[in-house]
Amino acid sequence: MSRILVPCHVKGTVALQVGDVRTSQGRPGVLVIDVTFPSVAPFELQEITFKNYYTAFLSIRVRQHTSAHTPAKWVTCLRDYCLMPDPHSEEGAQEYVSLFKHQMLCDMARVLELRLILRQPSPLWLSFTVEELQIYQQGPKSPSMTFPKWLSHPVPCEQPALLCEGLPDPSRVSSEVQQMWALTEMIRASHTSTRIGRFDVDGCYDLNLLSYT
Amino acid sequence: MLQEESDLSLIIAQIVQKLKGSNLYSQLERQAWASLQRPEIKLESLKEDIKEFFKISGWEKKLQNAVYSELSVFPLPSHPAAPPEHLKEPLVYMRKAQGSWEKRILKSLNSMCTELSIPLARKRPVGEQKELLNKWNEMGTDEPDLSLFRPVYAPKDFLEVLINLRNPNYENGDSLSFRTHLGLIQVPLKVKDIPELKECFVELGLNIGQLGIDDSTQVPPELFENEHVRIGQKVLAEQDSAAAQQYIRQGSPTALRAELWALILNISSQPEDVLYYEQLKTNVIQHDLLVDSLIYKDVKLTASNDDYYFVFEDYLYQVLLCFSRDTSVLSHFAYNSASPPKSYIRGKLGLEEYAVFYPPNGVIPFHGFSMYVAPLCFLYHEPSKLYQIFREMYVRFFFRLHSISSHPSGIVSLCLLFETLLQTYLPQLFYHLREIGAQPLRISFKWMVRAFSGYLATDQLLLLWDRILGYNSLEILAVLAAAVFAFRAVNLMEVTSLAAAEAVLADLSTLKKT
């Protein structure tokens, strides 16, 4: 299904910590990231994609647009989603993750704002966050191009003119030509990606020194 | 559920794309065309009848084996937003470490090239080509002057790089705390502990028969050996890769091993494969590479000095020289954290259409590389088949032993697994060795990098490599290394220096691995 990127504004992360941040020894284990959509009307969320950076658990809260006078409330739509099975080791630490509408606990019909709550209980890591955050909404179901008039409003069939004898039936010919065309399209589309196996360029393999990229 | 379905269709599409370019695809097509002549194929139910025909004639099995092979080798398709480097290695700092290690190797090779004034590659004059062709089967008798060449790197250089590997986001304090690793490896990769290993290697349990123990002369063969051999013959008759892989976890009978390994690696010697090998041989004869001298030097230093393998010296040249020219090996760099070295044709620096890889297969051999091939010479005598088996073993397993990656079978994980096992189950021994300055990994690293080739007796080594194939993982190397230390623990507790510790562990050839 198609999807459209929604431009969003990611606010700076806020660390939640008990006590004074400056004097306490430990590092914060909870971070909050607010995501707003300043220029977009309330939309239906389809997918959230991001690159993890040492976050162990993710919760997401959403504020939706409600009709008329009731103020919009925060609702938890994802609770403690595990990104790193073992918070002390590297597994899943830098993976790309996608979260979909069907994984959410509530309906994501008219999203106003998102709040990502990141947790990393292990004291081993110096910092943690999520990067490259992208929010997608549902794309249009059918292509929005306009068809030429003759395609969308075909004229009624005309009577075919009587042909001379000896010529083949035009409908049979046209169906066979269609099949052949389909075959050529298939052959054209299925090219293999196998290499030829030559390592030299036109028989010459006289090299410079190796390059450092 | 949507996600799983789309993942599955992505995997299927990927495998179909890979198989389309293969030999098997054109063979299946030809078979399908030929089958149209058969009376049982009817036009109305063409698709079903051909499928039925494939099932009966054994072609479906071949296709199954090919798909199974692709699934075992290639990693699952990753997230669509992930760049290709992410598939090679997900952790950024490891990619960087691998990149700088490669740069060091390239600098070393370039400086060897300029110091000795030898070109990286040279087209042989016709006379020399004829001479090499005549001597092809006895290249071992050649005694070129290799004294000026030195190996590009040795395992201990690589170990130093791994010891200095650090995650910049990890608390690497100088003072000892609960965070410091007591061993040499300081990166917090996830490794299996004993309960997980027991679950993973369940077929190696004490209550299940194993070849290597339960076929010794004291044990009557009716108890295990006869039945196991019978099942092995049946598996070979069925030609099923997945069944063979399951079977070989308990060891392979010597007589069946060569065929079983070929079945698991999905190698069947077709005329096209022999032709391909001949083409590689022609490439060797036409061009002389600097890497060839490194290979010669390595074989002379390692395999030729080994009591078991010196007889295979000529085979080793025939396989390794052709391996360097094989561009099909380049495709494994999609899932290997390493990258092939690049260069340009002289005079065309920077022009992409004149960019080439050097050596053509992208793999620079290090000291001990030829030991990956040597044990295979006991199983295969026909050079093109030996070559194919080695190439497949390399792109499935051996490449992980000399590149920096976070993969569970990568050398970094194996080292960490070894150290963790030793610390957990032999803490006194670990502490003692650490105190005398003999970190256990310094001794066992060379065993693991060579997959124990040259350190274990050959029959034991082949039983070990049976398990590597059976479990499709190299973790067994770390487990064996820890077991060796456990076995010699009593002697090791008494040593007072690294040299003495090395001496205690120097000769593993008497160990019965199982």
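Chain letters run A, B, ... following the sequence lines, proteins first, then strands; residues in each count from 1.
Of the two parts of Pro168(B), only the backbone, made up of N, CA, C and O, holds a non-hydrogen atom closer than 4.5 Å to a non-hydrogen atom of chain A. Neither the backbone nor the side chain of Asp326(B) has a heavy atom closer than 4.5 Å to any heavy atom of chain A. Interface residue Glu353(B): only backbone heavy atoms are found under 4.5 Å from chain A. Interface residue Lys190(B): backbone and side-chain heavy atoms are both found under 4.5 Å from chain A. Neither the backbone nor the side chain of Pro408(B) comes within less than 4.5 Å of any heavy atom in chain A. Both the backbone and the side chain of Ile345(B) come within contact range of chain A, with heavy atoms under 4.5 Å apart. Neither the backbone nor the side chain of Leu280(B) comes within less than 4.5 Å of any heavy atom of chain A. Proximity to chain B (any heavy atom under 4.5 Å) is restricted, for Thr49(A), to the side chain, taken from C-beta onward. Heavy atoms of Val92(B) lying under 4.5 Å from chain A belong to its backbone as well as its side chain.
Heavy atoms from other residues, nucleotides or ligands lying under 6.0 Å from CZ of Phe57(A) number more than 12. Heavy-atom contacts from other residues, nucleotides or ligands closer than 6.0 Å to CZ of Arg166(B) number more than 12.
Judged purely by atom type and a 3.5 angstrom limit, Ser211(A) uses its side chain to pair as donor or acceptor with the backbone of Lys342(B). Between the side chain of Ser89(A) and the main chain of Leu189(B), no donor-acceptor pair closer than 3.5 Å is present.
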Report, one line per pair, each donor and acceptor closer than 3.5 Å where one atom sits in a side chain of residues 113-121 of chain B; sequence neighbours left out.
from, atom 1, to, atom 2, distance (Å)
Thr114(B), OG1, Asn110(B), O, 3.0
Thr114(B), OG1, Ser111(B), O, 3.1

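Taking Gln94(A), Glu132(A), His88(A) one by one and counting their heavy-atom pairs under 4.5 Å with chain B, the maximum is reached by Gln94(A).
We find the CZ-CG distance between Phe128(A) and Asn169(B) to be 10.0 Å, quoted to the nearest 0.5 Å. For the atom pair Tyr54(A) OH and Leu91(B) CG, the distance stands at 5.5 Å (nearest 0.5 Å).
Residues Glu90(A) and Tyr93(B) bring a donor and an acceptor atom of their side chains to less than 3.5 Å of each other.
The minimum heavy-atom distance linking Tyr96(A) with Ala81(B) is given by the pair CE2-O, 3.8 Å.
Side-chain contact between Leu124(A) and Tyr170(B): present, with at least one pair of heavy atoms (C-beta onward) separated by less than 4.5 Å.
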Please walk me through it: do Tyr358(B) and Leu210(A) pass side chain to side chain contact (heavy atoms under 4.5 Å, CB included)? CA-CA 8 Å; Tyr358(B) 181 85; Leu210(A) 301 170; 3.6 Å; yes
